[in-house]
Amino acid sequence: MELPAQTTMGRHHRVLMVSDFFYPNFGGVENHIYYLSQCLLQRGHKVVVVTHAYGTRSGVRYMTNGLKVYYIPWLPFFMQNTLPTFYGTFPLIRNILIREGITIVHGHQAFSTLCHEALLHARTMGNKVVFTDHSLYGFADLGSIHMNKVLQFTLADVQQAICVSHTSKENTVLRSNLPSQKVFVIPNAVDTAMFKPDPSLRPSDQVVIVVISRLVYRKGADLLVEVIPAVCKRFPNVYFIVGGDGPKRVRLEEMREKHSLQDRVEMLGAVPHARVRSILVRGHIFLNSSLTEAFCIAILEAASCGLLTVSTRVGGVPEVLPLDMIVLAEPVPADMVSAVGRAIQLLPSINPFEMHKRMKTLYSWMDVAKRTEVVYDHAVNSDSNDLCERLTRLVYLMYYACGPWAGKLFCLVAVIDYIFALFLQWWQPAELVEVAPDFPVQ
């Protein structure tokens with residue numbers, strides 16, 4: 001179900017955004033949560049973010065427009081994810097839900113353990129929950145099998161789910177057994193005011209190809225190792241700018257040394273998001289080599305800066321831009337090199353300012369916020385069950401379907417969570433929790 005950009009019926013929501021991925025870490029999920037929160041605040045809703053501590057950044061912090069962020073004292077142990085504890089976060093999450101008067105808990109990213117735990121605890125306390133899936137996952141490898149079981153457990157009791165592309169929706173429905181009518185498609189967006197073109201910074205005697213990505217296998221770093229030397233050999237006037245860091249950076253450095261491309265391949269390392277625009281405006285073409293992608297915000301940022309995009313035809317990427325703004329290729333070196341050649345031929349017909357103007361009409365974070373409001377309305381208007389009814393329904397209709405062993409384990413987790421909630425209410429009654437004041441957004 002794809003939502004129109006319609007407004008809600010005057011209802012103001014109190015939303016808790018939860019994910020292991022948030023600033024100061026940078027990425028698509030982090031940007032999505034921040035910009036969506038800012039737009040919801042501007043539209044009169046209360047928004048609070050919960051994430052884990054980042055180094056010395058712990059406790060409560062305030063960001064632009066009074067966005068309140070709880071950096072809870074849980075440190076990451078693997079790829080910015082906190083250690084799964086099932087119940088360790090419950091006292092903190094419960095306290096925040098009561099203090100802030102939260103009505104909707106919105107979890108982000110299937111790989112976030114904090115998101116899964118918060119959604120479980122929120123439903124135990126009777127809150128409405130919404131989940132946004134930002135990535136695509138497989139079905140056959142061991143990690144995906146376990147991840148999909150956890151996703152089935154979490155999404156068995158959500159009111160609504162959001163995916164960033166139609167491909168992502170199909171993937172999520174298949175992995176989680178969630179009814180398709182409960183899943184909405186709301187694409188990401190780009191801050192076009194931040195990403196403006198500046199053709200005067202481009203060299204006139206070269207074609208500059210920009211790559212900004214995490215240098216990991218999933219983002220196609222190994223593909224770049226083969227594509228870059230072939231493109232440099234075929235097009236003598238091409239210059240590469242590679243921004244990003246990761247375990248595959250060593251392979252790119254070795255490739256540059258092996259083919260003596262130090263004067264044609266510029267390696268920038270990790271790039272803060274505030275510097276991304278200054279790098280993009282130096283280029284003519286943006287190259288995305290991802291092997292799997294639900295929706296690529298980097299493509300939107302590049303297009304907003306007036307760059308023609310060359311990308312692998314994977315996941316939800318074909319849904320991102322009109323065909324006259326992107327050249328698609330199969331994720332194999334020969335086809336990628338050919339696509340770069342086609343893009344170079346198209347460059348004379350590309351008007352960066354016209355492309356930027358089109359991006360302003362195609363994508364807007366305020367539009368994303370309006371559509372998300374509709375999902376929140378659906379969640380609030382959905383059926384409410386007390387905890388006993390919910391547990392009975394989940395045990396016999398949903399959690400048990402996860403399999404003979406996983407299903408029983410998930411049932412036990414849900415029951416213990418309910419018992420723990422009763423204990424916490426006895427130990428610290430909700431009436432004794434100090435309510436945090438609301439600060440108006442200017």
Side-chain angles (χ1 to χ4, degrees), residues 16-30 32-33 48-55 57-58 69-97 102 105-125 127 129-138 141-158 161-163 168 171-172 175-176 178 214 216 218 294 394 399 402-403 405-407 409-418 420-421 424:
L16 182 70
M17 302 281 185
V18 185
S19 181
D20 280 304
F21 309 103
F22 193 64
Y23 297 157
N25 195 50
F26 286 100
V29 178
E30 293 84 347
H32 180 102
I33 295 174
V48 179
V49 178
V50 171
T51 188
H52 63 70
Y54 281 87
R57 184 173 297 196
S58 183
V69 184
Y70 285 88
Y71 289 93
I72 65 175
W74 249 251
L75 294 178
F77 83 107
F78 179 68
M79 293 180 66
Q80 292 303 329
N81 274 283
T82 50
L83 182 69
T85 61
F86 288 105
Y87 311 108
T89 56
F90 199 174
L92 273 174
I93 294 296
R94 174 181 179 270
N95 192 276
I96 293 171
L97 292 174
I102 298 300
V105 177
H106 189 167
H108 293 262
Q109 189 62 316
F111 196 61
S112 169
T113 55
L114 183 60
C115 163
H116 289 287
E117 292 184 9
L119 295 184
L120 169 66
H121 304 325
R123 286 303 296 135
T124 299
M125 292 185 61
N127 293 89
V129 297
V130 175
F131 172 78
T132 295
D133 202 353
H134 294 265
S135 301
L136 301 177
Y137 290 89
D141 60 285
L142 186 62
S144 295
I145 291 172
H146 290 302
M147 185 73 253
N148 294 341
K149 288 292 184 183
V150 173
L151 192 66
Q152 286 179 356
F153 170 60
T154 301
L155 298 193
D157 202 27
V158 300
I162 299 172
C163 292
S168 175
N171 182 263
T172 299
R175 288 161 48 218
S176 65
L178 194 66
R214 293 194 303 274
V216 297
R218 190 174 69 85
L394 292 178
Y399 290 167
C402 291
W405 296 106
L409 175 62
F410 292 154
C411 290
L412 181 62
V413 169
V415 170
I416 294 176
D417 204 55
Y418 178 37
F420 193 18
L424 291 174

[X] side chain to [Y] backbone, donor-acceptor under 3.5 Å:
{"X": "His121", "Y": "Asp417", "answer": "no"}
{"X": "Thr51", "Y": "Ser19", "answer": "yes"}
{"X": "Arg123", "Y": "Val129", "answer": "no"}

Once rounded to the nearest 0.5 Å, what's the spacing between atom [atom1] of [X] and atom [atom2] of [Y]?
{"X": "Ile416", "Y": "Thr124", "atom1": "CD1", "atom2": "OG1", "value": "11.5 Å"}
{"X": "Ser112", "Y": "Phe21", "atom1": "OG", "atom2": "CZ", "value": "5.5 Å"}
{"X": "Leu155", "Y": "Phe131", "atom1": "CG", "atom2": "CZ", "value": "5.5 Å"}

Checklist entry - Taking it one step at a time, do Val48 and Met17 satisfy side-chain contact (heavy atoms from CB on, under 4.5 Å)? => result CA-CA 6 Å; Val48 179; Met17 302 281 185; over 6 Å; no
Item to check | Those residues that, when tested against Glu117, pass side-chain hydrogen bond (donor to acceptor under 3.5 Å, both in side chains) (two or more places apart) | outcome: Thr85, Thr89
Checklist entry - Among all residues two or more places apart in sequence or in another chain, which pass the side-chain hydrogen bond (donor to acceptor under 3.5 Å, both in side chains) test with Asn127? => result none
Which residues pass the ring pair (Phe, Tyr, Trp, His ring centres under 6.0 Å) test with [X], not counting sequence neighbours?
{"X": "Tyr71", "result": "none"}
{"X": "Tyr87", "result": "none"}
{"X": "His108", "result": "His32, His106, His134"}

Do [X] and [Y] touch side chain to side chain, with heavy atoms closer than 4.5 Å?
{"X": "Pro76", "Y": "Asn81", "answer": "no"}
{"X": "Cys115", "Y": "Gln109", "answer": "no"}
{"X": "Ile162", "Y": "Val130", "answer": "yes"}
{"X": "Phe420", "Y": "Pro91", "answer": "yes"}
{"X": "Leu75", "Y": "Thr82", "answer": "no"}

Next on the checklist: Which heavy atom of Ala161 sits nearest to which heavy atom of Leu178, and what is that distance?
Outcome noted: CB-CD2, 3.7 Å
Checklist entry - Do you know which two heavy atoms are closest between Leu151 and Ala110, and how far apart they sit? => result CD1-CB, 4.0 Å
Next on the checklist: For a side-chain contact (heavy atoms from CB on, under 4.5 Å) check, start with the C-alpha distance between Val18 and Leu114, then their side-chain angles and the critical distance, and finish with the verdict.
Outcome noted: CA-CA 7 Å; Val18 185; Leu114 183 60; 3.9 Å; yes
Item to check | Step-by-step side-chain contact (heavy atoms from CB on, under 4.5 Å) determination, Tyr70 to His52 | outcome: CA-CA 8 Å; Tyr70 285 88; His52 63 70; over 6 Å; no
Item to check | Listed partners of Arg94 passing salt bridge (Lys or Arg N to Asp or Glu O under 4.0 Å), at least two apart | outcome: none
Checklist entry - Can you name the residues that form a salt bridge (Lys or Arg N to Asp or Glu O under 4.0 Å) with Asp20, not counting sequence neighbours? => result none
Check side chain to side chain contact (heavy atoms under 4.5 Å, CB included) between [X] and all other residues, then give those that pass, not counting sequence neighbours.
{"X": "Cys163", "value": "Asp133, Ser168, Lys169, Thr172, Val183"}
{"X": "Leu92", "value": "Ile72, Pro73, Trp74"}
{"X": "Leu83", "value": "Phe77"}
{"X": "Arg214", "value": "Val216, Arg218, Lys219"}

Name the atoms and distances for all side-chain donor-acceptor pairs under 3.5 Å in residues 22-29, with sequence neighbours left out.
unit_1	atom_1	unit_2	atom_2	d
Tyr23	OH	Asn31	OD1	2.6
Asn25	ND2	Glu30	OE2	2.6

Next on the checklist: side-chain hydrogen bond (donor to acceptor under 3.5 Å, both in side chains), that's the test. Do Thr154 and His116 meet it? Break it down for me.
Outcome noted: CA-CA 6 Å; Thr154 301; His116 289 287; 2.6 Å; yes
